[in-house]
Amino acid sequence: MAKKSTSATKVTSKPVYVLNGPNLNLLGLREPEIYGRTSLADIEKMVTAHAKARGVTALCLQSNHEGELVTWIQEARSMASGVIINAAAYSHTSIAIHDALAMLDIPAVEVHISNIYKREEFRHHSHVSSVVKGVICGLGVQGYTLALDAILADISK
Ligand code: DHK
C-alpha cells in the first residue's frame, strides 16, 4: 500500500519560490501604517523557517524589475515545486507577469500584505489573480506562510 506523506516526510525536493516585486525591499520602513513594520528580511526568515518545519525549502527573491520577475517565473517551471508571488504594483499593470504565470503547471499563490480592495481603485484589479490557484490579501505578512501551506496542501494531494 502506498505510504501517505506526512509533514515529516519530504513532500518535494524542489524549493518553493517566494517572489517579491517592486518596493517590497523597503518593507518595515515603507508606509508602516499600511504594510506594517516587518522587514522583507524578517518575512524571508519566517517563510524559510516555516518551510523547513514542513520539510521543504524556500527560495526567496526580490526585484524592482519586471523582466527579472518574469525570468524567475520562467525558471520556476522546471526548478520549483510552487510559487508564492507578491508582484506588488506590477500586479496591477503587468501582462508580462500574467503571461509568465499562465505557463506554470505548478501551484502559484498571489499574496498582498494589504487589503487591495480597501485601497485606491487602481489597486482593485490584479492581472495575477486569474492565473494563480488562489489569492491571499489583507492578512499582513502572515499571508506568506498561509500561501506556503496552501501550496504544500496542493502538491501533497
Ligand atoms: C504591495 C504593493 O507594493 C502595492 O503596489 C500593491 C501590495 C499592494 C501589498 O499589499 O502587498 O498595490
Side-chain angles (χ1 to χ4, degrees), residues 14-54 56-77 79-155:
K14 290 182 179 177
V16 174
Y17 276 26
V18 183
L19 305 181
N20 279 292
N23 301 308
L24 295 173
N25 54 313
L26 294 182
L27 282 173
L29 305 171
R30 171 193 184 203
E31 299 179 277
E33 65 290 355
I34 295 174
Y35 298 105
R37 296 200 180 270
T38 311
S39 67
L40 182 61
D42 285 340
I43 292 172
E44 292 180 347
K45 269 190 221 148
M46 182 182 78
V47 182
T48 300
H50 195 80
K52 193 175 174 200
R54 279 151 184 77
V56 292
T57 55
L59 178 67
C60 300
L61 301 162
Q62 187 276 332
S63 180
N64 292 328
H65 303 278
E66 185 177 14
E68 195 159 32
L69 292 161
V70 169
T71 298
W72 289 334
I73 296 164
Q74 289 182 5
E75 184 185 289
R77 297 173 69 221
M79 303 296 282
S81 57
V83 172
I84 297 170
I85 181 159
N86 184 347
Y90 287 140
S91 315
H92 316 300
T93 61
S94 177
I95 307 296
I97 289 175
H98 168 102
D99 286 353
L101 287 166
M103 287 189 280
L104 283 181
D105 53 14
I106 52 173
V109 174
E110 176 181 17
V111 171
H112 295 288
I113 294 168
S114 65
N115 183 343
I116 56 174
Y117 302 101
K118 280 186 165 175
R119 301 182 62 194
E120 303 95 324
E121 202 158 336
F122 64 82
R123 297 183 202 275
H124 294 184
H125 181 263
S126 165
H127 291 289
V128 171
S129 304
S130 59
V131 283
V132 289
K133 183 162 184 65
V135 182
I136 297 171
C137 161
L139 299 182
V141 298
Q142 204 202 346
Y144 290 92
T145 51
L146 293 170
L148 183 67
D149 287 340
I151 285 171
L152 295 182
D154 190 72
I155 61 183

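Just so it is clear, the values below take in all heavy atoms, side chains as well, and ignore hydrogens, waters and symmetry mates. Atoms within each ligand, like the ligands themselves, are counted from 1 in listed order.
- Contacts between E31 and ligand 1 below 4.0 angstrom, taking non-hydrogen atoms only, are absent altogether.
- A donor atom on one side chain and an acceptor atom on the other are found under 3.5 Å apart for Y144 and N20.
- Contacts of I116 with ligand 1, taken as heavy-atom pairs under 4.0 Å, involve the side chain alone.
- For R123, every heavy-atom contact with ligand 1 shorter than 4.0 Å involves the side chain, none the backbone.
- Scanning the protein heavy atoms around atom 10 (O) of ligand 1, the nearest turns out to be S114 OG, 2.6 Å.
- Taking the six-membered ring for Trp and thresholds of 30 and 60 degrees, Y117 and H124 have ring planes inclined between 30 and 60 degrees apart.
- Within the 4.0 Å heavy-atom cutoff, N23 does not count among the residues contacting ligand 1.
- Closest approach of I151 to G82, counting heavy atoms only: CG2-CA, 4.0 Å.
- In plain terms, the two heavy atoms of P22 and Q62 that are nearest each other are CA-NE2, 4.2 Å.
- A salt bridge between D105 and R77 is absent, with no side-chain N of the basic residue lying under 4.0 Å from a carboxylate O of the acidic one.
- Look at E120 and you'll find every heavy atom at least 4.0 Å from all atoms of ligand 1.
- Looking at N86 against ligand 1, only its side chain comes within 4.0 Å, counting heavy atoms.
- Every heavy atom of Y90 sits 4.0 Å or more from the atoms of ligand 1.
- Note: an N/O pair closer than 3.5 Å links H92 and ligand 1 by distance alone.
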